[in-house]
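Let me begin by presenting the structure, written as structure tokens, before commenting on it.
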Amino acid sequence: MASLREVKDHIESVRSTLKSTSAMKLVSSAKLHKAQQMAENIRPYTEALAEILSAVSAHGAGVSGAGVHGADLSPRDGRQTDQEAAGAGRVAIVAVSSNSSLCGAFNINVIRKSSELIESYKKQGSEVEVYPIGRKMAEAMRRAGYTSPEDYSDMVGKCSFEKASAFAQKMIDAYNSGRYTSVMLVYNHFVSTSTQKVYVEEYLGASQAAVQPSSAEDSGEFIIEPSRDEVLSVLQPQVMRLRIYTMLLDSIASEHAARMVAMQAASDNAEELLDTLTLEYNKGRQAKITSEILDLVGGSQQ
């Protein structure tokens with residue numbers, strides 16, 4: 001049985017840890033509120049832009065979506081090469097984690113899903129290049145033999161549209177040049193404070209094929225100025241940039257929610273342990289006092 005001094009030291013240690021977990025929970029709660037607010041503020045703009053793009057894309061025939069600076073986002077016009085049809089090719093996987101730990105299974109889940117996706121493409125004969133965003137993902141991919149050409153940890157550390165836009169442009173340029181047959185996104189999606197799900201989405205690839213012909217060309221439903229191609233050349237790259245930015249905001253909100261829940265659980269466990277240790281200390285102290293009284297009583301009777 002531990003001595004009273006050891007139990008008391010353990011109580012002080014648990015109290016100190018409880019202060020830390022409680023503080024981290026409050027910080028995560030504040031950061032989560034900010035991240036949610038940013039995501040909610042940009043959502044109406046993103047949805048409106050996507051609706052406009054959908055409407056403009058459906059208005060016209062035989063014209064593919066234009067990319068940044070007039071470059072087609074689908075340079076192969078949606079046609080698969082023999083290598084792509086066989087499942088081979090080079091795939092870029094953009095995987096997002098956090099820069100720090102103490103957020104439950106947040107990083108473990110997205111790292112596991114990224115590893116499964118990599119193995120799946122490798123079995124198909126595809127080459128895989130990984131773009132890890134977040135230190136935890138970069139460390140995990142480095143151990144797996146995938147080194148990143150650049151450090152993208154600041155994209156989740158200090159997320160901004162400028163950084164997300166530059167990264168999106170880099171992916172678009174690489175896809176347009178034929179370096180990649182597809183670009184995949186792996187990240188945690190914020191469902192609720194207690195629930196985050198790992199999403200795997202295609203950012204560029206088969207689903208980003210050229211816009212199909214539409215009979216709405218002469219329907220008179222839309223008047224597009226200066227031209228459909230020029231409008232698409234601005235809208236499509238803007239939507240692609242926003243996709244990366246909203247993905248980062250989503251992952252950041254998920255991280256803070258996961259950390260807040262983890263710190264709440266840690267605080268609850270610390271309080272339970274503190275109650276148990278306090279009870280043990282009080283029992284030990286009472287037993288010691290009783291023993292001393294008995295000694296005094298026995299000594300007085302001699």
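- Residues Leu18 and Ala270 share a closest heavy-atom pair of CD1-CB, 3.9 Å.
- Note that the CG atom of Leu49 and the CD atom of Gln238 stand 6.0 Å from one another [nearest 0.5 Å].
- Here the side chain of Thr17 pairs a donor or acceptor atom with the backbone of Ser13 at under 3.5 angstrom.
- A pairwise comparison of heavy atoms in Leu32 and Ala253 identifies CD1-O, 3.3 Å as the closest pair.
- Taking the side chain as every heavy atom from C-beta outward, Leu185 and Tyr199 never approach each other to under 4.5 Å.
- The OG1 atom of Thr193 sits 6.0 Å away from the CD atom of Gln36 when rounded to the nearest 0.5 Å.
- With hydrogens and angles left out, the side-chain atoms of Thr46 and Thr246 include no donor and acceptor closer than 3.5 Å.
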Fill in: Working for side-chain contact (heavy atoms from CB on, under 4.5 Å), residues Ile52 and Val56
CA-CA 6 Å; Ile52 294 171; Val56 174; 4.1 Å; yes
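- Val239 is connected to Leu249 through a chain of hydrophobic side-chain contacts under 4.5 Å among Ile, Leu, Val, Met, Phe, Trp and Tyr, so both are in one cluster.
- Side-chain heavy atoms closer than 4.5 Å link hydrophobic residues (I, L, V, M, F, W, Y) into clusters, and following such links, even through other members, never connects Leu102 to Leu273.
- Contact annotation: the side chain of Val94 never approaches that of Tyr203 to less than 4.5 Å [non-hydrogen atoms, C-beta and beyond].
- Minimum heavy-atom separation, His256 to Ala35: CD2-CB, 4.4 Å.
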Practice prompt. Start with the C-alpha gap between Met171 and Phe167, add the side-chain angles, then the distance that decides, and say whether side-chain contact (heavy atoms from CB on, under 4.5 Å) holds.
Written response: CA-CA 6 Å; Met171 293 295 99; Phe167 183 82; 3.8 Å; yes
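- Asn188 and Ser251 share no side-chain donor-acceptor pair at under 3.5 Å.
- The CD atom of Glu280 sits 14.5 Å away from atom NZ of Lys8, with the distance rounded to the nearest 0.5 Å.
- When all heavy atoms of Pro237 and Ser233 are compared, the closest pair comes out as CG-O, 3.0 Å.
- Open room surrounds NZ on Lys197; 12 or fewer heavy atoms of other groups in view lie less than 6.0 Å from it.
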Fill in: Stepwise salt bridge (charged side-chain N to carboxylate O under 4.0 Å, His left out) check, Arg179 with Glu129
CA-CA 10 Å; Arg179 179 177 178 180; Glu129 289 189 14; 2.8 Å; yes
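- By the criterion of side-chain heavy atoms lying less than 4.5 angstrom apart, applied directly or through intervening Ile, Leu, Val, Met, Phe, Trp or Tyr residues, Met38 is grouped together with Tyr45 in one hydrophobic cluster.
- Contact of the Tyr281 side chain with the Leu4 side chain is registered, since non-hydrogen atoms from C-beta on lie closer than 4.5 Å.
- Counting heavy atoms from C-beta on, the side chains of Val156 and Leu248 come closer than 4.5 Å.
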Worksheet item: Glu139 and Arg142: salt bridge (charged side-chain N to carboxylate O under 4.0 Å, His left out), yes or no, with the steps?
Response: CA-CA 5 Å; Glu139 292 170 2; Arg142 194 179 301 114; 5.6 Å; no
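- Comment: Glu201 engages Arg243 in a salt bridge, judged by a side-chain N to carboxylate O separation of less than 4.0 angstrom.
- Side-chain contact between Val183 and Glu202 is absent, with no heavy atoms from C-beta onward closer than 4.5 Å.
- Residues Leu232 and Leu53 form a side-chain contact, since some pair of their non-hydrogen atoms from C-beta on lies under 4.5 Å apart.
- Taking OG1 from Thr276 and CD from Glu272, the interatomic distance works out to 7.5 Å, rounded to the nearest 0.5 Å.
- Remark: side-chain polar atoms of Ser182 are not paired, donor with acceptor, to backbone N or O of Gly205 under 3.5 angstrom.
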Worksheet item: Under the side-chain contact (heavy atoms from CB on, under 4.5 Å) criterion, do Met141 and Ile118 qualify, and how do the steps go?
Response: CA-CA 10 Å; Met141 291 298 106; Ile118 291 171; 3.7 Å; yes
Item to complete: Give the intermediate values and the outcome of side-chain contact (heavy atoms from CB on, under 4.5 Å) for residues Lys136 and Phe106.
Response: CA-CA 10 Å; Lys136 295 301 177 180; Phe106 175 86; over 6 Å; no
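- Nearest heavy atom pair, residue Tyr187 against residue Asp250, reads CE1-OD2, 3.6 Å.
- Interatomic distance, CE of Met24 versus SG of Cys103, reported as 9.0 Å (0.5 Å rounding).
- In this structure, His189 NE2 and Thr195 OG1 are separated by 10.5 Å, a value rounded to the nearest 0.5 Å.
- Thr181 places none of its side-chain heavy atoms less than 4.5 Å from the side chain of Arg90.
- Taking 4.5 Å as the limit, some side-chain heavy atom of Met184 sits within range of a side-chain heavy atom of Tyr121.
- Residues satisfying the side-chain contact (heavy atoms from CB on, under 4.5 Å) criterion with Lys25, sequence neighbours excluded, are Met260, Met263, Gln264.
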Discussion item. Does Tyr175 form a ring pair (Phe, Tyr, Trp, His ring centres under 6.0 Å) with Tyr180? I'd like the steps, not just the answer.
Written reply: CA-CA 5 Å; Tyr175 177 77; Tyr180 301 124; 8.6 Å; no
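- When all heavy atoms of Ser192 and Ala257 are compared, the pair lying nearest together is O-CB, 4.4 Å.
- With hydrophobic clusters built from ILVMFWY side chains whose heavy atoms lie under 4.5 angstrom apart, Phe190 does not share a cluster with Ile244.
- Listed for the Asn107 side chain is no donor-acceptor partner under 3.5 Å among the backbone atoms of Met137.
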Worksheet item: Should Ser100 and Arg259 be marked as a side-chain hydrogen bond (donor to acceptor under 3.5 Å, both in side chains) after you check the CA-CA gap, both sets of side-chain angles, and the distance that decides it?
Response: CA-CA 10 Å; Ser100 55; Arg259 182 171 289 109; 3.0 Å; yes
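- A donor-acceptor contact shorter than 3.5 Å links the side chain of Ser177 to the backbone of Asp173.
- Side-chain contact of Gln286 with Asn282: a donor-acceptor pair under 3.5 Å is absent, judged by distance alone.
- Ser165 and Arg241 share a donor-acceptor pair across their side chains, judged by distance under 3.5 Å alone.
- At distances below 3.5 Å, at least one donor-acceptor pair connects side-chain atoms of Thr278 with backbone N or O atoms of Leu274.
- Tyr146 and Val200 fall within a single hydrophobic cluster, where Ile, Leu, Val, Met, Phe, Trp and Tyr side chains are chained together by heavy-atom contacts under 4.5 Å.
- The main-chain N or O of Ser3 is found under 3.5 Å from a side-chain atom of Glu6 such that the two form a donor-acceptor pair.
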